[in-house]
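See below for the structure under consideration.
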Amino acid sequence: MSAAVTPGQPGAPRDEVDRIVEAWARERPDLDVAPLSVLSRVTRLSRHLDLARRQAFARHGLEPWEFDVLSALRRAGAPYRMSPGALLTQTLVTSGTMTNRIDRLASRALVERLPSPDDRRGVLVSLTDEGRARVDAAMSTLLGIERDLLASLPAAERDHLADLLRTLVAPFDTP
């Protein structure tokens, strides 16, 4: 078997990805299956993280998409207002989807629409006190869960992993 399918560290725990990679290497020795060792783990971790996030947000009566919009407004800083166009950029959805999301959040009194002071026809989406309280609480819960997910890694390894992942993700985030 090639070095590409050998688990990384001696004594490192084996996982399902090790078994998948070894099976593909056995069945298709003509292929370099090394990318599976990294990207299959990223995919599996993403699924676990998605489930953990959904549970964290549900504790505060939020869906993931609601958290995305509310957290974009919260990160904007006081007075926690953005144009719908700026929210599109932050959340990577279409304008029709954003309009629907703003409508639904406004119906729950988590955001409100205000006239734009710069454009008579424009509006700003503003976080309400209830929206701010809800997103703040959900963020605290989320960070606790994410800390638990990373607890098996020492701080230096977490920092190194963050640097490596940044290197992989940055080209996708560059316009």
Side-chain angles (χ1 to χ4, degrees), residues 1-77 82 84-101 104-105 134-175:
M1 204 169 287
S2 73
V5 297
T6 303
Q9 303 286 330
R14 291 180 47 78
D15 63 5
E16 186 61 22
V17 173
D18 290 323
R19 289 181 279 284
I20 291 168
V21 169
E22 289 169 1
W24 275 115
R26 181 187 67 243
E27 295 300 317
R28 291 292 311 269
D30 58 310
L31 296 178
D32 175 11
V33 296
L36 293 174
S37 293
V38 174
L39 299 177
S40 290
R41 285 185 176 94
V42 169
T43 298
R44 294 172 78 83
L45 181 59
S46 175
R47 289 179 186 151
H48 291 292
L49 182 57
D50 184 55
L51 179 60
R53 286 179 168 206
R54 287 179 181 281
Q55 291 170 347
F57 303 150
R59 289 182 197 171
H60 302 283
L62 296 173
E63 294 290 331
W65 67 265
E66 292 173 313
F67 179 83
D68 287 347
V69 175
L70 297 176
S71 66
L73 290 166
R74 181 65 168 100
R75 290 189 313 266
M82 297 175 76
L87 281 168
L88 290 173
T89 303
Q90 291 285 313
T91 59
L92 304 174
V93 298
T94 66
S95 68
T97 298
M98 182 53 65
T99 298
N100 181 273
R101 289 180 176 186
R104 290 173 67 184
L105 289 166
R134 195 85 65 94
V135 74
D136 282 354
M139 186 63 175
S140 293
T141 299
L142 174 63
L143 289 174
I145 289 169
E146 289 185 351
R147 262 191 297 282
D148 290 346
L149 288 172
L150 293 170
S152 64
L153 291 177
E157 288 184 13
R158 285 192 308 263
D159 292 344
H160 184 61
L161 179 58
D163 290 341
L164 293 171
L165 291 170
R166 183 181 304 106
T167 300
L168 284 176
V169 172
F172 296 103
D173 288 343
T174 324

Do you know the tightest heavy-atom contact between F57 and P64?
CD1-CA, 3.7 Å
Go through R104 and W65 one step at a time and tell me if the side-chain contact (heavy atoms from CB on, under 4.5 Å) criterion holds.
CA-CA 11 Å; R104 290 173 67 184; W65 67 265; 3.6 Å; yes
Student check: side-chain heavy atoms of R53 and L49 closer than 4.5 Å
yes
Determine yes or no for a side-chain-to-main-chain donor-acceptor pair under 3.5 angstrom, with S46 supplying the side chain and V42 the backbone.
no
Rounded distance (nearest 0.5 Å) linking atom CG of L70 with atom CD of E63:
12.0 Å
Any donor-acceptor pair under 3.5 Å from R134 side chain to H60 backbone
yes
Walk me through whether L87 and V93 qualify under side-chain contact (heavy atoms from CB on, under 4.5 Å).
CA-CA 9 Å; L87 281 168; V93 298; over 6 Å; no
If I compare all heavy atoms of A72 with all of M82, which pair ends up nearest, and what's the gap?
O-SD, 3.5 Å
With side-chain contact (heavy atoms from CB on, under 4.5 Å) as the test, would you mind laying out the steps for R147 and L143 before giving the verdict?
CA-CA 6 Å; R147 262 191 297 282; L143 289 174; 3.9 Å; yes
How long is the span from the CZ atom in R41 to the CG atom in L45, to the nearest 0.5 Å?
11.0 Å
H48 side, atom NE2; T43 side, atom OG1 - distance, nearest 0.5 Å
11.0 Å
Greater than 12 external heavy atoms within 6.0 Å of M98's CE:
yes
Test side-chain contact (heavy atoms from CB on, under 4.5 Å) on D15 and D18; report intermediate values, then the result.
CA-CA 5 Å; D15 63 5; D18 290 323; 3.3 Å; yes
Starting at CZ of R59, measure out to CG of L142 and round the result to the nearest 0.5 Å.
10.0 Å
Around atom CH2 of W24, are there more than 12 heavy atoms from other residues, nucleotides or ligands closer than 6.0 Å?
no
Counting only heavy atoms not in R47, do more than 12 fall under 6.0 Å of its CZ?
no
Assess the side chains of R75 and S71: does a donor N or O sit below 3.5 Å from an acceptor N or O?
yes
Output the distance between atom CG (L62) and atom CZ (R54), rounded to the nearest 0.5 Å.
12.5 Å
Exercise: identify the closest heavy-atom pair between R158 and L153:
NH1-O, 2.7 Å
Under the 3.5 angstrom rule, does the side chain of S37 hit a backbone N or O of V33 as a donor-acceptor pair?
no
Identify whether the distance between the nearest side-chain nitrogen and carboxylate oxygen of R14 and E22 falls below 4.0 Å.
yes
Straight-line distance of T97 OG1 to L92 CG, nearest 0.5 Å
11.5 Å
Looking only at atom types and distance, does a side-chain atom of E157 sit under 3.5 Å from a main-chain N or O of P154, one as donor and one as acceptor?
no
